[in-house]
Amino acid sequence: MIGFFDSGIGGLTVLAEFRKRFPDFDYAYFGDRANCPYGDREDEEIVDLTERGVERLFREGAEIVILACNTATVHAIRYLQQVRFPEKKILGVTIPGAEKIVESGYRHVGVLATEWTVRIRAYKERVHILDDSVSVHEIAVPELVPLIERGIVGGEEVREILAAKTSQFQNIEALVLGCTHYPLVRKEIESLLPGIEIVDPGEEAAKKFASYLERHPEVEAKISRGGTLRINYSEPT
Ligand code: DGL
């Protein structure tokens, strides 16, 4: 089974991309809606909550866990991979997103993400490891995740918030949806940025998973296949 972790419902967008490409695997999803949003929490808290969610998915039988959350990925993935679960497989979404930018040859990109992902320059840093001549302009949209969690994915409020942020980008060729909740408002973003390519790191992670499995046939052999899906959330208060 492949486990997916997010602070809320955003990771469902990543899960959907994986299921589209790999429909035969079994899937389990855990969204920590009781503690969402993670975007403006302290570092230790994000690491601790992510660790608990990932542990739960491994306990439920996941052979591999995808951190379907940029905020959790940038704070916790190294600790989880190297210290907490060194014998397990854990993948994130930010590196596939950064790789897509460089592979596509974009020179000027914008990123919309949570407060923390922007504060630690997550995408800029990852893109610059690959090519430090690409200009990366990251902007935080802290208002968006709470709205999306309430099911508000369009309309005036969402549009006004996004318009105020997207109008700050100048001459970008591509925009990265740097939070896995944002594909849920992709239509609004596209209509505000006509002609700009949209990069969805969750989609890129799913595309690259095929080559990951080719490089790790022992992992592929272990993942159970039954096409099942189980979705769980902690209860929002
Ligand atoms: N879906 C998470 C991300 O990709 C979100 C956010 C949050 O809880 O603030 O960053």
Side-chain angles (χ1 to χ4, degrees), residues 3-18 29-54 56-57 65-80 90-98 100-101 110-127 136 138-153 158 161-162 165 175-186 188-189 198-206 231-237:
F4 284 74
F5 173 76
D6 181 44
S7 61
I9 61 170
L12 292 173
T13 63
V14 186
L15 172 70
E17 295 294 339
F18 274 73
Y29 183 91
F30 176 62
D32 186 15
R33 300 192 74 194
N35 295 298
C36 191
Y38 281 13
D40 39 16
R41 286 181 182 277
E42 290 307 314
D43 176 68
E44 302 79 48
E45 227 179 342
I46 299 171
V47 174
D48 184 49
L49 293 169
T50 305
E51 179 177 345
R52 279 194 253 163
V54 169
R56 173 189 169 129
L57 288 163
V65 167
I66 311 294
L67 293 183
C69 175
N70 291 265
T71 311
T73 303
V74 299
H75 285 271
I77 195 162
R78 248 179 245 155
Y79 163 73
L80 295 177
I90 302 170
L91 300 176
V93 289
T94 50
I95 290 176
K100 168 71 179 173
I101 293 167
V111 179
L112 292 178
T114 63
E115 189 66 50
W116 255 116
T117 303
V118 168
R119 218 188 293 166
I120 64 176
R121 297 164 180 259
Y123 276 93
K124 193 176 215 158
E125 210 177 75
R126 281 163 177 76
V127 168
V136 182
E138 297 166 293
I139 295 180
V141 201
E143 307 90 343
L144 217 46
V145 168
L147 286 176
I148 296 172
E149 284 289 321
R150 282 164 42 213
I152 303 168
V153 292
V158 168
I161 291 167
L162 284 168
K165 306 291 177 169
L175 178 88
V176 179
L177 305 177
C179 167
T180 57
H181 281 71
Y182 299 171
L184 296 167
V185 293
R186 181 173 176 148
E188 295 286 0
I189 294 173
I198 302 290
V199 175
D200 174 357
E203 186 183 347
E204 298 308 318
I231 297 179
N232 284 301
Y233 301 110
S234 54
E235 282 300 313
T237 46

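Indexing begins at 1, ligand by ligand and atom by atom, following the structure's order.
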SB check Lys124 Glu138 (cutoff 4.0 Å):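 No, Lys124 and Glu138 are not salt-bridged.
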
Check: Gly11 main-chain N/O paired with Asp6 side-chain donor or acceptor under 3.5 Å: yes

Test item: Thr73 side-chain N/O and Thr94 main-chain N/O as donor-acceptor pair under 3.5 Å: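 No: the side chain of Thr73 does not pair with the backbone of Thr94.
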
Using a 4.0 Å cutoff against the non-hydrogen atoms of [X], which atoms of ligand 1 qualify?
X: Thr114; answer: 6 (C), 9 (O), 10 (O)
X: Cys36; answer: 8 (O)
X: Gly39; answer: 7 (C), 8 (O), 9 (O)
X: Asp6; answer: 1 (N), 2 (C)

Heavy atom of the protein closest to atom 2 (C) of ligand 1 (residue, atom name, distance): Cys69 SG, 3.2 Å

Nearest protein heavy atom with distance in Å, relative to atom 10 (O) of ligand 1: Thr71 OG1, 2.6 Å

Identified side chain to side chain donor-acceptor pair (under 3.5 Å) counterpart of Asn70 within the set Trp116, Tyr38, Tyr123: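 Only match with Asn70 under side chain to side chain donor-acceptor pair (under 3.5 Å): Tyr123.
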
Heavy-atom check, side chain of Val111 versus side chain of Leu175, under 4.5 Å: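 Not touching, per the 4.5 Å side-chain cut-off.
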
Polar proximity ligand 1 side, Pro37 side, N/O cut 3.5 Å exclusive: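 Checking ligand 1 against Pro37, no N or O pair falls under 3.5 Å apart.
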
Min N/O separation Tyr38 to ligand 1 under 3.5 Å: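 For ligand 1, there is an N or O atom that lies under 3.5 Å from one belonging to Tyr38.
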
Heavy-atom closest pair, residues Ala72 and Thr50: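 Nearest pair, atom of Ala72 first, then Thr50: CB-OG1, 3.5 Å.
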
Aromatic contact, Phe5 with Tyr29 (centres under 6.0 Å): no

Within reach of ligand 1, part of Ser7 (heavy-atom separation under 4.0 Å):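 Contact part for Ser7 vs ligand 1: side chain (C-beta onward).
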
